[in-house]
Amino acid sequence: MSGLGDLRLRELHTIEEFEDVCRLFGGIWRPDPGGEPITVEMMRALSHAGNYVTGAYLHDRLVGASVGFAAAPPRRALHSHVTGTLAGCGVGFALKLHQREWALDRGLETITWTYDPLVRRNAHFNLAKLGARPEEYLPAFYGTMGDAINAGDESDRVLAVWHLASPPVLAAVRGEPSPVEIPPDAVVGLDDDGGRPVRGRTDAETVLVAVPRDIETLRVTDPAAARAWRLALREVLGGLLRDGARVTGFHDRSCYVVRRGAREEGRGGAGRAL
């Protein structure tokens with residue numbers, strides 16, 4: 001596949017375009033009948049009402065798409081419901097930048113979306129590459145999901161919030177790394193021991209919460225271990241967020257860095273990613 005200089009992003013409006021998006025998403029999620037992440041009719045309605053429905057094209061081939069809609073607080077936030085791209089072509093970052101510019105042009109301050117907190121690559125992309133921050137743990141948010149990626153697991157999600165003018169986001173947009181600091185007194189709240197979760201301490205100011213290397217493969221090869229990870233992360237990360245702690249980053253592509261009483265500096269005045 002050629003470079004992203006040939007990539008074109010544009011809003012979608014026609015039934016034929018929405019049908020292309022459904023085919024793209026179908027190839028990514030391989031859903032059971034009735035389990036599609038979004039329908040042609042819903043995209044048609046959202047687009048007509050002025051919401052965000054955008055496709056990414058490489059040499060006239062659809063390689064990514066994203067759908068979002070207005071969220072609370074009114075006139076200040078966009079919720080990105082679903083984004084899907086072909087693997088390995090770097091379109092996801094381009095779509096998020098386009099979505100950010102679209103939101104800023106309309107006076108919006110934040111974009112939110114949900115993602116599976118057990119998926120390492122998504123956590124790294126959302127926190128390290130985009131500068132978003134998880135702010136709420138949502139157990140079994142979508143109920144039972146019938147697709148090849150999520151089948152056999154509960155649909156826990158975290159709500160990621162992208163403060164569009166915050167220093168971490170501005171740095172991410174410029175492509176500047178924002179390494180997260182690990183203080184020497186940090187403790188391990190959840191660790192990976194040979195593919196199994198091991199719970200530790202959560203009573204320090206900074207807690208490290210690990211996730212497995214590849215939860216999607218683990219769901220197939222060792223469902224019991226995948227289930228153990230789900231419950232452990234729900235208890236440890238979910239418990240910390242419920243108690244008011246904040247995720248400040250994702251360290252070494254392997255663990256959340258969580259601080260009690262942390263406040264993100266300069267959030268800026270001002271999801272399903274399934």
Linked, directly or transitively: [X] and [Y] (ILVMFWY side chains, under 4.5 Å):
{"X": "Val187", "Y": "Val211", "result": "yes"}
{"X": "Val82", "Y": "Trp102", "result": "yes"}
{"X": "Phe93", "Y": "Tyr57", "result": "yes"}
{"X": "Val207", "Y": "Leu231", "result": "no"}
{"X": "Leu9", "Y": "Phe125", "result": "yes"}

Can any side-chain N or O of [X] pair as donor or acceptor with the backbone N or O of [Y] at less than 3.5 Å?
{"X": "Trp162", "Y": "Leu130", "result": "yes"}
{"X": "Ser47", "Y": "Val53", "result": "no"}
{"X": "Tyr256", "Y": "His251", "result": "no"}
{"X": "Thr248", "Y": "Val258", "result": "no"}
{"X": "Trp229", "Y": "Asp192", "result": "no"}
{"X": "Asp214", "Y": "Glu216", "result": "yes"}
{"X": "Arg253", "Y": "Arg120", "result": "no"}
{"X": "Arg100", "Y": "Val169", "result": "no"}
{"X": "Asn51", "Y": "Leu46", "result": "yes"}

Could you tell me if the side chain of [Y] sits less than 4.5 Å from the side chain of [X], heavy atoms only?
{"X": "Arg201", "Y": "Val188", "value": "no"}
{"X": "Leu86", "Y": "Leu24", "value": "yes"}
{"X": "Leu233", "Y": "Pro117", "value": "yes"}
{"X": "Arg44", "Y": "His13", "value": "no"}
{"X": "Ile182", "Y": "Val257", "value": "yes"}
{"X": "Leu97", "Y": "Val173", "value": "yes"}
{"X": "Arg133", "Y": "Ser166", "value": "no"}
{"X": "Pro212", "Y": "Leu118", "value": "yes"}

Roughly how far, to the nearest 0.5 Å, is [atom2] of [Y] from [atom1] of [X]?
{"X": "His79", "Y": "Phe69", "atom1": "NE2", "atom2": "CZ", "value": "4.5 Å"}
{"X": "Glu205", "Y": "Arg259", "atom1": "CD", "atom2": "CZ", "value": "4.5 Å"}
{"X": "Thr206", "Y": "Glu181", "atom1": "OG1", "atom2": "CD", "value": "10.0 Å"}
{"X": "Tyr115", "Y": "Arg157", "atom1": "OH", "atom2": "CZ", "value": "11.0 Å"}
{"X": "Ile111", "Y": "Leu164", "atom1": "CD1", "atom2": "CG", "value": "4.5 Å"}
{"X": "His124", "Y": "Ser254", "atom1": "NE2", "atom2": "OG", "value": "11.0 Å"}

Is a donor from one side chain sitting under 3.5 angstrom from an acceptor on the other, for Thr54 and Gln99? no
As a quick check of understanding, evaluate side chain to side chain contact (heavy atoms under 4.5 Å, CB included) for Val247 and Glu135, giving each step before the final call. CA-CA 7 Å; Val247 175; Glu135 294 194 3; over 6 Å; no
Pair Val67, Met43 - check side chain to side chain contact (heavy atoms under 4.5 Å, CB included), show working. CA-CA 7 Å; Val67 180; Met43 283 185 280; 4.0 Å; yes
State plainly whether the residues [X] and [Y] are in salt-bridge range, i.e. N to O under 4.0 Å.
{"X": "Arg219", "Y": "Asp116", "answer": "yes"}
{"X": "Arg230", "Y": "Glu235", "answer": "no"}
{"X": "Glu17", "Y": "Arg10", "answer": "yes"}
{"X": "Arg242", "Y": "Glu136", "answer": "no"}
{"X": "Asp222", "Y": "Arg196", "answer": "yes"}
{"X": "Asp20", "Y": "Arg23", "answer": "yes"}

If you compare all heavy atoms of [X] against all heavy atoms of [Y], which two are closest, and at what distance to 0.1 Å?
{"X": "Leu241", "Y": "Pro134", "answer": "CD2-O, 4.2 Å"}
{"X": "Gly195", "Y": "Leu218", "answer": "O-CD2, 4.0 Å"}
{"X": "Ala77", "Y": "Ala72", "answer": "CB-O, 3.6 Å"}
{"X": "Leu62", "Y": "Gly55", "answer": "CD1-CA, 3.9 Å"}
{"X": "Leu95", "Y": "Gly64", "answer": "CD1-C, 4.0 Å"}
{"X": "Pro31", "Y": "Gly26", "answer": "CD-O, 3.7 Å"}

Would you say that more than 12 heavy atoms from the other residues, nucleotides or ligands in this model lie under 6.0 Å from the [atom1] of [X], or not?
{"X": "Asp243", "atom1": "CG", "value": "yes"}
{"X": "Arg213", "atom1": "CZ", "value": "no"}
{"X": "Asp193", "atom1": "CG", "value": "no"}
{"X": "Arg199", "atom1": "CZ", "value": "yes"}

Evaluate the side chain to side chain contact (heavy atoms under 4.5 Å, CB included) criterion for residues Asn126 and Val158: first the C-alpha distance (whole Å), next the side-chain angles of each, then the deciding distance (0.1 Å), finally the verdict. CA-CA 11 Å; Asn126 291 327; Val158 293; over 6 Å; no
Using the side chain to side chain contact (heavy atoms under 4.5 Å, CB included) rule, take Leu138 and Asp156 through it: C-alpha gap first, then chi angles, then the decisive distance, then the call. CA-CA 6 Å; Leu138 306 165; Asp156 287 20; over 6 Å; no
Give the ring-plane orientation class for Tyr52 versus His98, where under 30° counts as parallel, over 60° as perpendicular and anything between as tilted.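 The arrangement is tilted - the two ring planes meet at 30° to 60°.
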Have a look at Glu109 and tell me which of His163, Arg75, Arg76 forms a side-chain hydrogen bond (donor to acceptor under 3.5 Å, both in side chains) with it.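 Single side-chain hydrogen bond (donor to acceptor under 3.5 Å, both in side chains) partner of Glu109 among His163, Arg75, Arg76: Arg76.
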